[in-house]
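To keep things clear, I will list the structure first and then write my remarks on it.
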Amino acid sequence: MSLLSAYRFTPKLLNSTKSAACLFAASRNATTSTNLRDVLSDLVPKEQSRIKNFKTQYGKTNIGSITVDMIYGGMRGMKGLVYETSVLDADEGIRFRGYSIPECQQLLPKAPGGAEPLPEGLFWLLVTGQVPTEEQVNWLSKEWAKRAALPSHVVTMLDNFPTNLHPMSQFSSAITALNSESSFARAYSEGVNKAKYWEFVYEDSMDLIAKLPCVAAKIYRNLYREGSSIGAIDSSLDWSHNFTNMLGYSDATFTELMRLYLTIHSDHEGGNVSAHTSHLVGSALSDPYLSFSAAMNGLAGPLHGLANQEVLVWLTALQKEMGGEVSDEAMRDYIWNTLKSGRVVPGYGHAVLRKTDPRYTCQQEFAFKHLPDDPMFKLVHQLYKIVPNVLLEQGKAKNPWPNVDAHSGVLLQYYGMTEMNYYTVLFGVSRALGVLAQLIWSRALGFPLERPKSMSTDGLMNLVGANKSGCG
């Protein structure tokens, strides 16, 4: 079965871990090589040929229609972007190369003694479509540790930022400045053959992912730990463990949480703001540093990555107003009062999903396991039992279920990371795995400059034969 077929039928066929493994074994010939670039060198020409044949046979096939509502609705629901690494199904939730989050939790390698998947394994899966071996993941951990050092000018830049500059502004600025290290930009300026673009995008992506925890930890230490040192990278530790060490957290369970967090926030198909932005900017042949920095400016918006912070602000206000334990009836009244005042319940609803976000569910399971008696978690779980029914009763919500943002902030706060302004930086470190994996393939497959046609309102009215006076 081809990978395209796997994507088309995966939500219906992948009812078990075994079926997922068999499906992708058939579509990708796994390799024992521990060097990711060598694996890609084998995969890229095969995928190029497969897509070339597909386009030749089906390139003129109509796959849908566009309505005026879609155009005014932010292009929502339009099929207009190829994005290989993940697919979001309204009923199944996110699948990374066909694998659900529970399947990834089971199949991807863990740290010694750990229970959560290592993000390195998820990145290998996103890039290759193959579930990696423990040896391949260990290679990736060591490779990122080897590439992690920051150039001195970026360190100086971070140290000179004013403390009132938002962490996300610092994060995206530092990523832009890392563009000085771009292998792709240098190769392009020297006239490299476009068939080799992906190789240099791969090198930049590997370097950038390796350096992001250092950038993020430096920002955290400067803002919240009086500029204390992030310390040195330990090549014997995995990416998440080095990150939590640099942040200054020594709790092994917090490191486990970070492994889970960095895995589940990595990708969410290609239409969301950060993923689409990286794809758009990358299509201009901007290097991965510039493309990812642009994506982070989108992630910083309150309708995207900043949402988990808004959830925690709302929960904190609720807890302050309602006091300690609250009856379900009192909570229900509070929710109704929120809705009647024209406000929303943050963290509930999703543009695509029509069920509880699996990313919420796996965080809930983590909380039940590690912090079942935490008052804030109890509040979140109580809301989970009440809010959907209220939203259904109200009759406005197509999806009354919680999304990932409804839970993540509570977990971080439990382990002492109370600095809500910083949470989106963690999201950004994770999102690099998905968008940079896709950027490698975008250049390998020769995707062109993204240039959709725009229209004015008058032009649309002419197109559909409307009365431009608005008089009927």
Side-chain angles (χ1 to χ4, degrees), residues 119 123 141-189 200-235 237 239-248 258 262 274 277-278 281-282 285-300 305 419 421-433 435-436 439-440:
F123 182 71
S141 296
K142 292 183 183 300
E143 187 70 13
W144 286 348
K146 184 171 67 177
R147 296 169 180 249
L150 298 179
S152 59
H153 73 89
V154 173
V155 175
T156 300
M157 177 185 186
L158 288 166
D159 285 340
N160 287 331
F161 279 140
T163 56
N164 65 344
L165 185 63
H166 194 280
M168 281 301 287
S169 298
Q170 297 190 34
F171 191 55
S172 66
S173 298
I175 294 164
T176 300
L178 280 169
N179 148 273
S180 63
E181 313 303 296
S182 175
S183 298
F184 177 82
R186 284 193 298 274
Y188 185 83
S189 69
F200 296 97
V201 170
Y202 165 84
E203 293 298 333
D204 279 359
S205 298
M206 290 285 284
D207 284 342
L208 179 52
I209 291 170
K211 296 177 191 305
L212 285 177
C214 296
V215 172
K218 184 70 174 169
I219 292 168
Y220 187 78
R221 292 276 194 163
N222 283 350
L223 288 177
Y224 310 117
R225 296 297 183 268
E226 300 179 343
S228 55
S229 172
I230 65 173
I233 291 287
D234 185 340
S235 61
L237 301 179
W239 189 60
S240 305
H241 199 166
N242 268 310
F243 188 21
T244 54
N245 280 355
M246 288 189 289
L247 289 168
M258 193 58 62
L262 295 175
S274 56
T277 299
S278 66
V281 176
L285 298 186
S286 299
D287 64 66
Y289 298 96
L290 298 179
S291 302
F292 186 64
S293 177
M296 292 302 93
N297 289 328
L299 189 71
E419 300 87 5
N421 272 355
Y422 185 77
Y423 292 173
T424 313
V425 175
L426 297 178
F427 197 159
V429 173
S430 174
R431 185 48 55 94
L433 303 176
V435 302
L436 293 175
L439 199 60
I440 294 168

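Nothing fancy with the numbering, it's 1 onward along the sequence. Values below: all heavy atoms of this structure, side chains included; hydrogens, waters and symmetry mates excluded.
- For Tyr224, the ring pair (Phe, Tyr, Trp, His ring centres under 6.0 Å) partners are Tyr220, not counting sequence neighbours.
- Closest approach of Leu158 and Gln170 over heavy atoms only: CD2-O, 4.2 Å.
- Looking only at side-chain heavy atoms (C-beta outward), Asp204 and Leu436 stay at 4.5 Å or farther from each other.
- Of all the heavy atoms in Cys214 and Ile233, the pair that sits closest is SG-CD1, 4.1 Å.
- A salt bridge between Glu181 and Arg147 is absent, with no side-chain N of the basic residue lying under 4.0 Å from a carboxylate O of the acidic one.
- The environment of Tyr188 atom OH is sparse: at most 12 non-hydrogen atoms of other residues, nucleotides or ligands sit within 6.0 angstrom.
- Under the salt bridge (charged side-chain N to carboxylate O under 4.0 Å, His left out) criterion, no residue pair touches residues 285-295, with sequence neighbours excluded.
- Side-chain contact between Ser430 and Pro119 is absent, with no heavy atoms from C-beta onward closer than 4.5 Å.
- Residues Arg431 and Ser274 share a closest heavy-atom pair of NH1-OG, 2.9 Å.
- Under the side-chain contact (heavy atoms from CB on, under 4.5 Å) criterion, Ser278 pairs with Ala295, Val435, sequence neighbours left out.
- Looking at residues two or more places apart in sequence or on another chain, you find a ring pair (Phe, Tyr, Trp, His ring centres under 6.0 Å) between Trp144 and Phe123, Trp239.
- Among residues at least two apart or in separate chains, salt bridge (charged side-chain N to carboxylate O under 4.0 Å, His left out) pairs with a member in residues 150-172 are Asp159-Lys218.
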Just list the side-chain donor-acceptor pairs under 3.5 Å for residues 150-157, sequence neighbours left out, or say none.
residue	atom	partner	partner atom	Å
His153	NE2	Ser180	OG	2.8
Thr156	OG1	Ser152	O	3.1

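- No donor-acceptor distance shorter than 3.5 angstrom exists from the side chain of Ser293 to the backbone of Tyr289, with no hydrogens or angles considered.
- Proximity of a side-chain donor or acceptor of Ser189 to a complementary backbone N or O of Arg186 within less than 3.5 Å is detected.
- Side chains of Glu419 and Leu223 form no contact here, defined as non-hydrogen atoms less than 4.5 Å apart.
- Side-chain contact between Met258 and Leu426: present, with at least one pair of heavy atoms (C-beta onward) separated by less than 4.5 Å.
- From Phe292, atom CZ reaches atom CG of Asn297 across 10.5 Å, with rounding to the nearest 0.5 Å.
- Formation of a donor-acceptor pair under 3.5 Å by the Tyr422 side chain with backbone atoms of Ala216 is found in this model.
- Met246 CE to Ser229 OG: the interatomic distance, rounded to the nearest 0.5 Å, is 10.5 Å.
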